[in-house]
Amino acid sequence: MKFTYNPRIIKHLGTELITSDEIAITELIKNSYDAKADKVRIQFLDNLGEIKENELLAPIPEEVKTHISECEGHGLILLEDNGEGMDYDTLESGFFEVGYRGKIDEKNEIKESGADDESIILGDKGIGRLSAQRLAPVLFVETTTESDTKTFLVKIDWKEFISSENTEAPEWKIDKSGNHSYTRLWLLGDESRD
């Protein structure tokens, strides 16, 4: 016999376990810290047209703007960091695996090496990113590593993931200019309006 999981567990671990919007934002910022980011920027906006592009850590590819504008609703939170970013495999196996243990392994390696406090890993349960659903019904994850030639964009509609274990997130691979790394979370729509 083995355990089975109802997809509603995603809601329990995100919306219901995270008790406030402030904690949800903190969980997402912790991920930036763990990605070795030295800059994190957050913009709270009514729509895509209000983005302060001169304050962004990386330019927004036009294709990303197109996909975001197709889902735009009431409100937008844009959270970005200049950390290591994620390649496609890390996005798939790390971000999309609930309970991913990669940070636990990294934490153990740091402990064994005797590294200083600068190397502390804040999150290791593999569920912090689920807090995004407390803030908005739709999440786009835009990310790339320094060595990637593509920027990866994935759309997560939380209602679809909560209602079916067979849901797959639409994804795009976008040509990248430059050799910067970053992760940008686009939180679209006001959860209280659903």
Side-chain angles (χ1 to χ4, degrees), residues 5-58 60 64-65 67-86 91 94-100 102-103 120-143 152-164 167 169-170 182-194:
Y5 302 93
N6 187 300
R8 289 182 315 119
I9 193 71
I10 291 174
K11 182 173 183 179
H12 296 315
L13 293 173
T15 305
E16 295 171 7
L17 186 64
I18 303 299
T19 55
S20 72
D21 292 353
E22 293 81 8
I23 291 173
I25 293 278
T26 301
E27 286 293 325
L28 298 175
I29 291 172
K30 281 170 45 177
N31 289 341
S32 296
Y33 177 86
D34 288 346
K36 316 266 186 294
D38 63 0
K39 292 181 185 163
V40 178
R41 298 216 171 124
I42 303 174
Q43 294 184 39
F44 297 89
L45 310 161
D46 287 326
N47 58 60
L48 192 58
E50 291 183 353
I51 291 176
K52 299 174 184 102
E53 297 210 27
N54 61 327
E55 294 181 13
L56 295 173
L57 297 172
I60 303 169
V64 170
K65 288 181 185 177
H67 293 297
I68 301 298
S69 65
E70 290 171 1
C71 295
E72 199 170 5
H74 304 284
L76 164 64
I77 299 171
L78 182 60
L79 189 149
E80 63 175 343
D81 69 55
N82 67 345
E84 296 171 337
M86 291 178 274
L91 182 60
F95 192 91
F96 273 86
E97 181 182 327
V98 176
Y100 175 68
K103 287 186 184 178
I120 291 173
I121 303 293
L122 297 179
D124 64 4
K125 292 182 284 305
I127 60 173
R129 63 198 162 278
L130 298 178
S131 65
Q133 68 189 287
R134 179 174 180 89
L135 301 168
V138 176
L139 168 67
F140 279 86
V141 180
E142 175 192 350
T143 190
F152 308 103
L153 182 68
V154 181
K155 176 189 174 192
I156 302 165
D157 184 327
W158 292 112
K159 279 186 181 175
E160 290 179 19
F161 277 91
I162 291 166
S163 63
S164 171
T167 298
Y182 68 93
T183 297
R184 187 177 286 137
L185 303 180
W186 298 83
L187 297 114
L188 295 158
D190 181 351
E191 188 61 42
S192 66
R193 294 178 194 231
D194 278 358

Checklist entry - Between L28 and V40, is a side-chain contact (heavy atoms from CB on, under 4.5 Å) present by the stated rule, with each step listed? => result CA-CA 10 Å; L28 298 175; V40 178; over 6 Å; no
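Remark: I60 CD1 to L78 CG distance equals 6.0 Å, nearest 0.5 Å. I68 CD1 to K155 NZ: the interatomic distance, rounded to the nearest 0.5 Å, is 9.5 Å. Within the model, atoms CD of E50 and CG of L76 stand 8.5 Å from one another, a figure rounded to the nearest 0.5 Å. Rounded to the nearest 0.5 Å, atoms OG1 (T167) and CG (D157) are 8.5 Å apart.
Every side chain to side chain donor-acceptor pair (under 3.5 Å) that E53 has, sequence neighbours left out, goes to K65. The side-chain contact (heavy atoms from CB on, under 4.5 Å) test applied to D21 returns R134, L135, not counting sequence neighbours. Scored by the salt bridge (charged side-chain N to carboxylate O under 4.0 Å, His left out) test, K39 finds no partners at all (sequence neighbours excluded). Residues forming a side-chain contact (heavy atoms from CB on, under 4.5 Å) with T26 (at least two apart in sequence, or on another chain): K30. Scanning for side-chain contact (heavy atoms from CB on, under 4.5 Å) contacts around E70 gives T66, H67, with sequence neighbours left out.
Residues Q133 and I156 form no side-chain contact, since every pair of their non-hydrogen atoms from C-beta on lies 4.5 Å or further apart.
The backbone N or O of Y33 sits nowhere less than 3.5 Å from a side-chain atom of D81 that would complete a donor-acceptor pair.
Annotation for V138 and W158: closest pair N-CD1, 4.3 Å, computed over non-hydrogen atoms. Closest heavy-atom contact between L57 and N82: CD1-N, 3.7 Å.
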Under 3.5 Å, which donor-acceptor pairs link side chains of residues 182-189 to any protein atom two or more places apart or in another chain?
from: Y182; atom 1: OH; to: E142; atom 2: OE2; distance (Å): 2.5
from: T183; atom 1: OG1; to: T143; atom 2: OG1; distance (Å): 2.9
from: R184; atom 1: NE; to: E80; atom 2: OE1; distance (Å): 3.1
from: R184; atom 1: NH1; to: E142; atom 2: OE1; distance (Å): 3.2
from: R184; atom 1: NH1; to: E142; atom 2: OE2; distance (Å): 2.8
from: R184; atom 1: NH2; to: A58; atom 2: O; distance (Å): 2.4
from: R184; atom 1: NH2; to: E80; atom 2: OE1; distance (Å): 3.0
from: W186; atom 1: NE1; to: E142; atom 2: OE1; distance (Å): 2.8

